[in-house]
Structures are given as C-alpha cells and as structure tokens.
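Here is the structure we will look at.
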Amino acid sequence: MLLTEDVAWLLKGAEPHTASAPVPAPSPAPEEPEQCPVIDSQDVPLAPGSSLPPVLQEQEEECSQEQEECSLEQVQTLVVGEVLKDIETACKLLNIPADPLEWSSGNVQKWVLWTEHLYRLPQVGGAFQELGGREICALTEAEFRQRSPQSGDVLHAHLDIWRSEGEELWAEADSSCSGQPIHLWQFLRELLLKPHSYGHCIRWLNQEKGIFKIEDSAHVARLWGLRKNRPAMNYDKLSRSIRQYYKKGIIRKPAVSQRLVYQFLHPV
DNA sequence: CAACAGGAGGCCT
DNA sequence: AGGCCTCCTGTTG
C-alpha cells in the first residue's frame, strides 16, 4: 500500500509538467511513442518477487551524482510497470475498465470506495455520486478538494495515474477482466498476490503450502462486497462461502486450525 | 464475543 | 445446475 502511494508522489514530482497544470486531455507520454507499451521490464535488474523501495533508493542516489536523465528514465520505466500491474489487478478485482473515461457512475463509485479502503482514506460518502468517468476526469484537483476536503487530493492523484495509464491497458484489460464472474477463491488469490497493496488485510503464512491468514476480516469482506456489488457483505457470509469450498477440495482449514487461517489445496 | 461449522432456501447466470 | 448470498442454530476458543 505504501508503494503505490509513494509512486504517486514520485510520478508527480518526476513528470515534466509539475503541479497543477490545466491539462485538458489525458496526456500520453510525450516521448518515446513507440517503445513505451512494453510492460515487461526485463531490462531492469529486479527480481520478480523483490520489493521496490531499495532499488528506488539506489537509483536515486545515482541520480544525484550524474546521468540524471538516464537513471530517471529507468526509475520511471520501473515504476510505470509496477503501477500498470497494480491497475490491471484492481480492474480485475473490481471488474471495471482500466480507462477512467469509460467508467459509468457505478464504476466511479466503486473506484472511489475501493481506493479509500485500500489506502484507508477518510470516507468521502456521496461526494462523487452521479458522476460518470468523463465527468470525474474533468474535475480539477481543487474541485476534488472541494468535494472531499480530507482525501480529495489523494483521490485526484490516483485518478491521474489511472488516466495516464488507462488507455494503454483498456484493450487488454477489457478482454481479460470484463468477463465471467470471478470466484471467491480467485479473488482471495489475487489479493494474496499483491502483498504490498493488500498485505495488511490478507497475507500468506506459508505460500508453498497455500496457507494464508485473513488479518482484517471486515476489510476483506468489504472488498469482496464491492467486487460483487453486495453492500451487505460481511465476514460471516464470506466465511460461509469459504466453507462451501471444504467439500469441493478448494480450500480447507490447515492441520493445526487457527482463527482466520485457511489453506488452498491446489496451490499455484 | 468473534470465529467456526454446516443446513436450508433464494437468487442469478 | 453451480456458485454464491442470506439467514439460521449451535459450537468452540
């Protein structure tokens, strides 16, 4: 969760047009028109499972010495790749298009709720109700703050990232995410695969054995409810659905039963 | 008191 | 019919 937020500030500061420039249309990257769609960051020395911050620090130190442009570009490539993956995951989990311009008012509401729960922002209530994707994208940061004095600026920053990354993803995400309904076990696995985003509410105890623990039952239930459009979802009902998996051999209680700890039977 | 187990009925695709 | 959602009773730590 920290990562993406750090990334938000990093991107803001690193972008050529800083601060509140009145950007009318979602501005694609002004440079490198051809090679930017490469999401896979193979040229970057980063192990798949390793965390980002140490690398960033390393790069930034180099930045301050010399080769500012080159290092900065590497960092941006790295960061953009991570952000793209995060957005892609969120799209799948929320079942909304990656491009905010395509959002319905329901999608907007979902995104707001999701973002404020993911980053534990103060709840904005209906501040953005009845707004479609195009409308919320047209709002300035000031208007965001006006509608939500407490978290409007953060929401605006996140929407900015979605806007700049969205159109690259929407074709791919559209084909992969807006499909059949996701299963609960798939949803849980997706959360578990994004520990830096969801590790505070669900995490592996032993990934090899598929054993995981729900750290914040109410939070996980809320996210599941958002995904399924079930505002009344709670852990009591979510756990009942998990229990349905017992006889199907998808999830079980581990040998030593612990509260809020479950185990996938066919780990992947 | 919250998590846990599981029956039963309804709803939707 | 399968996969939940909802509501329920009862048990357990």
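All values below were derived from every heavy atom in this structure, side-chain atoms included, with hydrogens, water molecules and symmetry-related copies excluded. In what follows, chains carry the letters A, B, and so on, assigned in the order in which the sequence lines appear, proteins first and then strands, with residues in each chain numbered from 1.
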Less than 6.0 angstrom from the centroid, inside 45 degrees of the normal: does A:Lys253 satisfy that with respect to the ring of A:Tyr262?
yes
Establish, with yes or no, whether the OP1 or OP2 oxygen of [N] is under 4.0 angstrom from a side-chain nitrogen or oxygen of [X].
X	N	value
A:Lys237	C:dT6	yes
A:Trp224	C:dC5	yes
A:Tyr235	B:dA2	no
A:Ser217	B:dA3	yes
A:Tyr262	B:dC4	yes
A:Ser241	C:dC4	no

Whole-Å gap separating [atom2] ([N]) and [atom1] ([X]):
X	N	atom1	atom2	answer
A:Asp236	C:dT6	CG	P	11 Å
A:Leu238	C:dG3	CG	C1'	13 Å
A:Leu260	B:dA5	CG	C1'	15 Å
A:Arg240	C:dT9	CZ	P	15 Å
A:Ile251	B:dG6	CD1	C1'	16 Å
A:His183	B:dT13	NE2	P	14 Å
A:Arg230	C:dT6	CZ	C1'	10 Å
A:Lys228	C:dT6	NZ	P	9 Å

Side chain of [X], backbone of [Y]: donor and acceptor closer than 3.5 Å?
X	Y	result
A:Gln263	A:Lys209	yes
A:Trp103	A:Pro97	yes
A:Ser148	A:Arg145	no

When you get a sec, tell me which of [options] is the closest nucleotide to the side chain of [X]?
X	options	result
A:Lys248	C:dG3, B:dA5, C:dC4	C:dG3
A:Lys253	B:dA5, C:dC4, C:dC5	B:dA5
A:Arg259	B:dG6, C:dT6, C:dG13	C:dG13

First encountered from the 5' end of DNA chain B, between A:Gln258 and A:Lys247:
A:Gln258
Kindly give the heavy-atom pair with the smallest separation between A:Glu130 and A:Glu135, and that separation in Å.
O-OE1, 4.1 Å
